[in-house]
*Asks:* 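Before I ask anything, here is the structure I am working with.
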Number of protein chains: 2
Amino acid sequence: MDSTEAMGGLKALDVFRDLSVCGQQMLECGMQLNYFDELKTIINKGNSVSGAYVVVRGRLRVYSISPGGNEATLYFINPGEVCILALNCIFNNLQYPAWVQTEPDTCVGMIPSLTYRTLFQNEPSIQNLTVHALSVLVFRLMEELEEIHSLNLNARLAKFILLRGVADGQLRMTQSELAAHLGTTREVIAKLLRKLVAAGSVKTLRGSIVIENPELLARMAARE
Amino acid sequence: MDSTEAMGGLKALDVFRDLSVCGQQMLECGMQLNYFDELKTIINKGNSVSGAYVVVRGRLRVYSISPGGNEATLYFINPGEVCILALNCIFNNLQYPAWVQTEPDTCVGMIPSLTYRTLFQNEPSIQNLTVHALSVLVFRLMEELEEIHSLNLNARLAKFILLRGVADGQLRMTQSELAAHLGTTREVIAKLLRKLVAAGSVKTLRGSIVIENPELLARMAARE
DNA sequence: GTGCTTCTGTAGCAAAAGCTACATTGGAGA
DNA sequence: TCTCCAATGTAGCTTTTGCTACAGAAGCAC
């Protein structure tokens with residue numbers, strides 16, 4: 001679900017802008033802006049959370065790691081969205097339940113816990129923003145769960161390529177990264193990609209996958 | 001996670017009681033109480049939602065159905081908790097994204113959308129309740145996702161039996177129902193149960209499973 | 001260029017899970 | 001008691017996914 005859809009296109013940054021706490025003002029009220037030019041893990045499972053995170057540019061990936069060491073992406077946080085898990089932890093004094101990694105060229109703002117809690121108590125728009133962000137996350141997680149239950153890996157891979165490569169028909173990502181997103185291993189991805197290539201729906205390059213036939217790919221993504 | 005843990009033991013019914021809208025008062029403000037003595041599907045996927053649901057007694061099961069017809073439980077709603085998905089739908093004018101079924105002897109209160117939205121705008125405790133319910137759900141879903149990624153069916157079965165049969169060491173549930181909860185089929189459950197029986201951790205009866213050795217079961221639930 | 005690392009392609013086997021089929025058992029109700 | 005049906009036990013097969021191993025190819029640093 002696109003975060004701009006529900007709740008009348010409400011976005012975290014717009015809300016903060018309305019409150020005159022964005023940009024310089026926000027820095028004055030205690031927000032720190034952090035820039036990352038490469039993949040970096042900024043939160044580890046079990047870390048205590050020091051504030052609310054807002055993605056300004058780029059993207060954050062929230063993922064889990066199995067005891068065997070395999071990663072699996074739980075969901076992404078896009079520009080203009082807040083990391084609601086961190087809010088969760090702030091409100092309930094919990095430790096962060098997963099890992100968070102930046103994509104290259106990502107800028108993240110951090111608002112101290114106390115500031116956010118004060119804002120939440122006094123500003124209806126912050127309350128709405130919080131509830132909305134939580135709602136979006138719940139829907140994303142439910143969608144993911146449903147997908148895992150009803151689709152096989154092949155279909156999930158096809159769907160992932162379709163959704164994330166739709167911009168220019170090309171998904172710039174290694175097969176190892178793809179495997180980490182879908183919670184499986186590289187060899188399995190390679191095997192499944194071979195099927196997609198044989199069917200003529202995609203083409204594989206070093207470090208990227210090119211969509212050749214979106215309709216065909218969509219049909220493979222729908223198969224149970 | 002137990003809903004009474006975080007946020008200082010806040011429970012939906014307590015909140016409503018504080019507001020003097022519980023029981024008779026709640027009925028006056030438009031809440032309808034519905035009683036179900038047997039399994040019954042009360043919401044189908046795609047239904048529009050007419051209000052907020054509060055579980056008074058018993059339990060609700062929220063589940064998805066794959067195109068092939070297999071069910072999989074997403075999570076349960078216990079007494080004193082609200083169905084946050086329904087709230088979601090109310091706030092965002094969405095259709096319900098899953099199925100909901102009552103357990104036997106379940107009582108559910110329904111508060112009309114408009115009433116709840118008014119309460120939300122004016123009552124900080126309702127705001128907190130809403131945020132809290134959402135948070136709990138997010139954590140449950142994340143836990144479930146992580147489990148699916150990191151544990152095999154055998155371990156998930158063992159864990160399910162442990163968690164849901166802990167009251168009197170007996171889980172009153174048919175193998176078909178178990179299969180529906182875990183998103184698999186009866187034969188697979190039978191096969192895995194045979195392993196658990198052989199190991200001496202459980203005993204199977206008609207319509208129920210008796211825990212023989214909780215420690216052993218816990219060890220099998222932890223295995224990757 | 002040379003050497004090194006990372007990414008990819010491929011094969012083959014093992015384990016997990018799903019599916020079909022059928023026998024057996026226990027319990028509820030006629 | 002007898003019948004019927006739901007629940008269970010079991011076998012065998014197929015498909016899917018995971019795991020190990022290795023070879024070739026592309027990019028990078030020197």
Side-chain angles (χ1 to χ4, degrees), chain A residues 38-39 64-72 104 147-161 170-199 202-210 220-221 223-224, chain B residues 38-39 65-72 104 147-161 170-200 202-210 220-221 223-224:
Chain A
E38 54 183 4
L39 288 182
S64 69
I65 302 181
S66 76
N70 282 344
E71 295 183 3
E147 235 175 81
I148 290 179
H149 276 133
S150 62
L151 301 180
N152 61 18
L153 253 188
N154 203 4
R156 286 178 57 215
L157 173 62
K159 194 166 182 179
F160 189 91
I161 295 173
Q170 190 166 7
L171 177 61
R172 259 167 281 272
M173 187 177 280
T174 68
Q175 297 182 6
S176 298
E177 289 171 318
L178 255 174
H181 285 301
L182 296 176
T184 181
T185 57
R186 186 194 62 81
E187 303 84 344
V188 174
I189 293 295
K191 208 183 288 182
L192 296 178
L193 277 176
R194 226 178 300 161
K195 276 208 262 180
L196 295 184
V197 169
V202 303
K203 195 172 64 180
T204 61
L205 301 176
R206 187 184 175 86
S208 76
I209 291 160
V210 182
M220 303 184 87
R223 224 182 283 286
E224 184 181 0
Chain B
E38 55 183 3
L39 289 180
I65 303 182
S66 76
N70 281 346
E71 295 183 5
E147 236 176 78
I148 290 180
H149 277 133
S150 62
L151 302 180
N152 61 19
L153 252 187
N154 203 3
R156 286 177 59 216
L157 173 63
K159 194 165 182 181
F160 189 91
I161 295 172
Q170 188 167 10
L171 177 60
R172 259 166 280 273
M173 190 178 278
T174 67
Q175 298 184 6
S176 299
E177 288 171 320
L178 255 174
H181 285 302
L182 296 175
T184 180
T185 57
R186 185 195 62 83
E187 302 84 341
V188 174
I189 293 294
K191 207 183 289 182
L192 297 177
L193 278 176
R194 228 178 301 165
K195 276 208 263 182
L196 295 184
V197 170
V202 303
K203 194 172 66 181
T204 60
L205 300 177
R206 186 186 176 87
S208 77
I209 292 160
V210 181
M220 303 184 86
R223 221 181 284 288
E224 185 183 1

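Convention: sequence-line order gives letters A, B, ...; per-chain numbering from 1.
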*Asks:* Of all the choices, C/dG12, C/dG9, D/dT10, which nucleotide is nearest to the side chain of A/Thr204 once you look at every atom?
*Replies:* C/dG9
*Asks:* Roughly how bent is the helix from C/dG1-D/dC30 to C/dA30-D/dT1 end to end, in steps of 10 degrees, with each end axis from five pairs?
*Replies:* 30°
*Asks:* Considering every strand and a 4.0 Å limit on heavy-atom distances, what is the contact class for A/Leu205: base, sugar-phosphate, or nothing?
*Replies:* sugar-phosphate
*Asks:* Ignoring the backbone of A/Ala190, work out which of C/dA21, D/dA25, C/dT10 is nearest its side chain.
*Replies:* C/dT10
*Asks:* Please figure out whether B/Asn154 or A/Arg194 has its closest DNA chain C nucleotide nearer the 5' end.
*Replies:* A/Arg194
*Asks:* Does a side-chain N or O from B/Thr184 land closer than 4.0 Å to OP1 or OP2 of C/dG18, or not?
*Replies:* yes
*Asks:* In terms of side-chain heavy atoms of B/Leu153, which of D/dG18, C/dA11, C/dA17 is nearest?
*Replies:* C/dA17
*Asks:* Could you tell me which non-hydrogen atom of A/Arg156 sits nearest to which non-hydrogen atom of A/Leu182, and how far apart they are?
*Replies:* NH2-O, 3.4 Å
*Asks:* Taking the side chain of B/Asn152 as its heavy atoms from C-beta onward, which of C/dA17, D/dT10, C/dG18 lies nearest to it?
*Replies:* C/dA17
*Asks:* Between D/dG18 and A/Arg186, counting only base atoms on the nucleotide and side-chain atoms on the residue, is there a donor-acceptor pair under 3.5 Å?
*Replies:* no
*Asks:* Under 4.0 Å from OP1 or OP2 of C/dT6: is there any side-chain N or O of A/Gln175 that close?
*Replies:* no
*Asks:* Would the base of D/dA6 count as contacting B/Arg206 through its side chain, where contact means a donor and an acceptor less than 3.5 Å apart?
*Replies:* yes
*Asks:* Under 3.5 Å, side-chain donor or acceptor atoms of residues 202-209 of chain B against the rest of the protein: list the pairs with distances, not counting sequence neighbours.
*Replies:*
from: B/Ser208; atom 1: OG; to: B/Gln170; atom 2: NE2; distance (Å): 2.9

*Asks:* Using every non-hydrogen atom in the two residues, find where B/Thr185 and B/Ala179 come nearest and quote the distance to one decimal.
*Replies:* C-CB, 3.4 Å
*Asks:* Among C/dG9, D/dC19, D/dA7, which nucleotide has an atom closest to any side-chain atom of B/Thr174?
*Replies:* D/dA7
*Asks:* Quick check for you: among C/dA17, C/dT10, D/dT8, whose closest atom lies nearest to any side-chain atom of B/Val188?
*Replies:* C/dA17
